[in-house]
Structure formats: C-alpha cells, structure tokens
**Student:** 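Quick one: structure below, then a few questions.
In this text the structure is predicted, and so the values were computed from the model without any measurement. Atoms considered below: every heavy atom in the structure, side chains included; atoms not considered: hydrogens, waters and symmetry mates.
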Amino acid sequence: MINSSIKILLVEDHKLMRVGLKSLFEEQEGLEVTSEAQSGKDAIEKFKTTHPDVTLMDIGLPDISGIEATKKILELNTNAKIIMLTSHLSEQEVIEALECGACAYVMKDINTDILKMIIQTIKEGAMWIDPLAVPILRDKNRGIVPQRQMSRAMFREQHSNLTQREYEVLKLVVDGKSNNEIAEELTISSHTAKAHVCNIIQKLLVDDRTQAAVKALKEGLV
C-alpha cells in the first residue's frame with residue numbers, strides 16, 4: 001500500500017514544543033513527521049537527506065534564524081514548501097519570511113484543524129498568511145511578489161465579475177474585519193455580509209477569506 005501521508009520536517013529548538021507538535025501530527029491522518037531538527041543548520045542537513053513534502057520552520061533558532069535557513073533550503077530546492085512558525089507577530093519577520101520564499105506565516109497558537117488545512121494546501125502549492133499579519137502586508141509591503149503583481153485596472157479586468165459592493169467587502173476583508181464588523185461598516189445584515197464574502201471567495205477561486213485577502217494584496221487591488 002502506498003503511503004500518501006504528507007512528510008513533514010519539523011524544525012523547533014524547544015523540545016517540549018517539538019514533542020507536542022509531533023504528538024499532534026501523530027493524531028492527524030495524512031500527516032507524518034518523518035524528520036526533526038533543533039537548529040537552522042540541522043534543518044538544512046535534514047532537508048537534504050529526507051526530502052520532506054513540507055517543512056515547519058520555527059523562526060527563532062539558536063544558530064541561524066529560520067528565515068536564513070529557509071533561504072538556504074530554497075537555494076537547494078526552489079520548490080520547497082516551507083511554513084514559518086512564530087510565537088509573536090513581528091512586522092519585520094512577516095515581510096522577511098515572505099520575501100525569502102516561505103509559503104506561509106503561522107502563529108503557534110493556531111487551531112489544530114486550521115494548521116492541518118494549511119499544511120495540506122501548502123503541499124498543493126497554496127500560500128497562507130495569518131490574518132493578524134495581513135494588515136502589515138497591506139500597509140508596508142504590497143509588492144512582496146512583484147513578478148505576479150498586476151495593476152488595479154488589470155485585476156479589475158480579470159475579475160470583472162466582482163460587483164462594486166463585493167470590492168467594498170473585499171477591502172474590509174483585507175483590513176481583517178469580521179462579517180459582523182463588515183455588516184456594521186456597510187450598514188447591511190451579517191447574513192448579507194457573509195454572503196458577499198462567500199461570493200468573493202468563489203469568484204477569486206480561493207479557499208477562504210484569508211487567501212482572498214492575500215490574492216487581492218499580491219495582485220494590487222487594495
């Protein structure tokens with residue numbers, strides 16, 4: 001029988017956190033920690049020998065940072081899928097992590113089911129950013145992926161099926177607003193706000209509101 005589990009390289013210098021994450025994945029069907037590393041340099045060597053599907057990389061490591069280790073790994077394999085893990089939100093780290101080629105920026109207190117979803121979607125080539133980090137990208141670094149960035153006019157042309165109201169809702173989604181906050185801002189019902197968000201997700205061909213916000217930011221809409 002072919003093992004279809006996603007192979008994970010877990011990079012974390014704190015043993016308690018590493019053991020906890022490994023135990024967590026053991027309970028999740030389809031995920032398997034096949035290698036572990038306690039430092040950035042160790043992570044690079046383990047990546048070379050184990051060829052993981054996804055690497056979970058702690059940013060704060062004892063030798064070189066997770067960001068530096070990510071750069072080195074991507075020099076070895078430009079298709080490496082790396083998720084940055086952090087216990088705190090740092091504007092500089094958000095920008096540096098994504099600029100260096102990480103596929104995701106995730107807070108360590110994230111819900112278990114969401115983390116599993118992130119790993120699965122990153123394996124398939126998606127990108128994920130913690131909702132708390134989205135405003136940083138909006139305000140400080142709209143051009144993180146300049147080669148894919150489009151003009152607002154081009155974006156609107158390619159996504160002309162979005163209504164004017166949906167553009168207004170999308171901007172508030174990028175601002176990190178909840179459905180209730182969107183409803184209050186636009187003087188509509190929460191049910192209507194939720195419907196607009198669902199329509200936007202479908203029309204932009206993404207899986208959730210965070211990916212919709214990321215796509216809007218990367219393609220220069222807001």
**Student:** Listed by chain and number, what are the side-chain hydrogen bond (donor to acceptor under 3.5 Å, both in side chains) partners of T50, not counting sequence neighbours?
**Tutor:** S35
**Student:** I need the E184 CD to S178 OG distance, nearest 0.5 Å.
**Tutor:** 9.0 Å
**Student:** Under the side-chain contact (heavy atoms from CB on, under 4.5 Å) test, which residues partner E45, sequence neighbours left out?
**Tutor:** K48
**Student:** Please identify each residue that fulfils salt bridge (charged side-chain N to carboxylate O under 4.0 Å, His left out) with K46, with sequence neighbours left out.
**Tutor:** D42
**Student:** Which residues satisfy the side-chain contact (heavy atoms from CB on, under 4.5 Å) test with H14, sequence neighbours excluded?
**Tutor:** E12, M17
**Student:** Do V19 and L9 sit in the same hydrophobic cluster, where Ile, Leu, Val, Met, Phe, Trp and Tyr count as joined when their side-chain heavy atoms come under 4.5 Å apart?
**Tutor:**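 No, it is not one cluster - the side chains of V19 and L9 are not joined through contacts under 4.5 Å.
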**Student:** Find out if a path of hydrophobic residues (ILVMFWY) with successive side-chain heavy-atom gaps under 4.5 Å connects I110 to V33.
**Tutor:**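 Same hydrophobic cluster.
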**Student:** Applying side-chain contact (heavy atoms from CB on, under 4.5 Å), name anything that partners E185, two or more places apart in sequence or on another chain.
**Tutor:** L172
**Student:** Heavy-atom distance under 4.5 Å between the side chains of T112 and E27, does that happen here?
**Tutor:** no
**Student:** Contact between W128 and C103 at the side-chain level, heavy atoms closer than 4.5 Å - yes or no?
**Tutor:**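 No, every pair of side-chain atoms sits at 4.5 Å or beyond.
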**Student:** Could you report the tightest heavy-atom contact between K22 and L10, atom names first, then the distance?
**Tutor:** N-CD2, 4.0 Å
**Student:** Can you tell me how far CD1 of I129 sits from OG1 of T210, rounded to the nearest 0.5 angstrom?
**Tutor:**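 Result: 9.0 Å between the selected atoms.
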**Student:** Hey, could you give me the CD1/CG distance between I114 and D208, rounded to the nearest 0.5 Å?
**Tutor:**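 Those atoms lie 8.5 Å apart.
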**Student:** Which residues pass the salt bridge (charged side-chain N to carboxylate O under 4.0 Å, His left out) test with E166, sequence neighbours left out?
**Tutor:**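 If we apply the salt bridge (charged side-chain N to carboxylate O under 4.0 Å, His left out) test to E166, skipping adjacent residues, the hits are K203.
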**Student:** Once you round to the nearest 0.5 Å, how far does CZ of R209 lie from NZ of K177?
**Tutor:**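 Rounded to the nearest 0.5 Å, the CZ-NZ separation comes to 12.0 Å.
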**Student:** Quick one: side chains of residues 73-85, donor-acceptor pairs under 3.5 Å with protein atoms, not counting sequence neighbours, listed by atom name and distance.
**Tutor:**
from: N77; atom 1: OD1; to: N79; atom 2: N; distance (Å): 2.8
from: K81; atom 1: NZ; to: N79; atom 2: O; distance (Å): 3.1

**Student:** Kindly compute the distance separating CD (E96) from OH (Y105), expressed to the nearest 0.5 Å.
**Tutor:**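 Going from the CD atom of E96 to the OH atom of Y105 covers 10.0 Å.
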**Student:** Is the closest basic N to carboxylate O distance between E68 and K71 below 4.0 Å?
**Tutor:**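 Judged by the 4.0 Å cut-off on N to carboxylate O distance, E68 and K71 do form a salt bridge.
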**Student:** Sorted by first residue and then second, give each salt bridge (Lys or Arg N to Asp or Glu O under 4.0 Å) pair with at least one member in residues 111-126; sequence neighbours left out.
**Tutor:** none
**Student:** Nearest 0.5 Å, what's the CD1-OG1 distance between I67 and T86?
**Tutor:**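 It comes to 9.0 Å.
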**Student:** Could you work out, with salt bridge (charged side-chain N to carboxylate O under 4.0 Å, His left out) as the rule, every residue matching R18, not counting sequence neighbours?
**Tutor:**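 Testing R18 for salt bridge (charged side-chain N to carboxylate O under 4.0 Å, His left out), a comparison that skips the adjacent residues, returns E36.
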**Student:** Output, in order, the C-alpha distance, side-chain angles, deciding distance and verdict of side-chain contact (heavy atoms from CB on, under 4.5 Å) for D130 and L89.
**Tutor:** CA-CA 9 Å; D130 193 285; L89 187 64; 5.9 Å; no
**Student:** When hydrophobic residues are tied together by side-chain contacts of less than 4.5 Å, even through go-betweens, does L24 share a cluster with I118?
**Tutor:**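 Linked, L24 and I118 end up in one cluster.
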**Student:** Please report the closest heavy-atom contact between E181 and G176, naming both atoms and the distance.
**Tutor:** OE1-O, 4.1 Å
**Student:** What pairs of donor and acceptor atoms, side-chain ones from residues 190-198 against any protein atom, are under 3.5 angstrom apart with sequence neighbours left out?
**Tutor:**
from: S190; atom 1: OG; to: N180; atom 2: OD1; distance (Å): 2.7
from: T192; atom 1: OG1; to: S189; atom 2: OG; distance (Å): 2.8

**Student:** Is there a side-chain contact between I6 and F25 in this structure, where contact means two heavy atoms from C-beta onward sitting under 4.5 Å apart?
**Tutor:** no
**Student:** Could you list the donor-acceptor pairs under 3.5 angstrom formed between side-chain atoms of residues 53-63 and any protein atom two or more places apart in sequence or on another chain?
**Tutor:**
from: D53; atom 1: OD2; to: K7; atom 2: N; distance (Å): 2.7
from: D58; atom 1: OD1; to: K108; atom 2: NZ; distance (Å): 3.2
from: D63; atom 1: OD1; to: G40; atom 2: N; distance (Å): 2.9
from: D63; atom 1: OD2; to: S39; atom 2: OG; distance (Å): 3.3
from: D63; atom 1: OD2; to: K41; atom 2: N; distance (Å): 3.1

**Student:** Mind checking what makes side-chain contact (heavy atoms from CB on, under 4.5 Å) contact with Q202, not counting sequence neighbours?
**Tutor:** N199
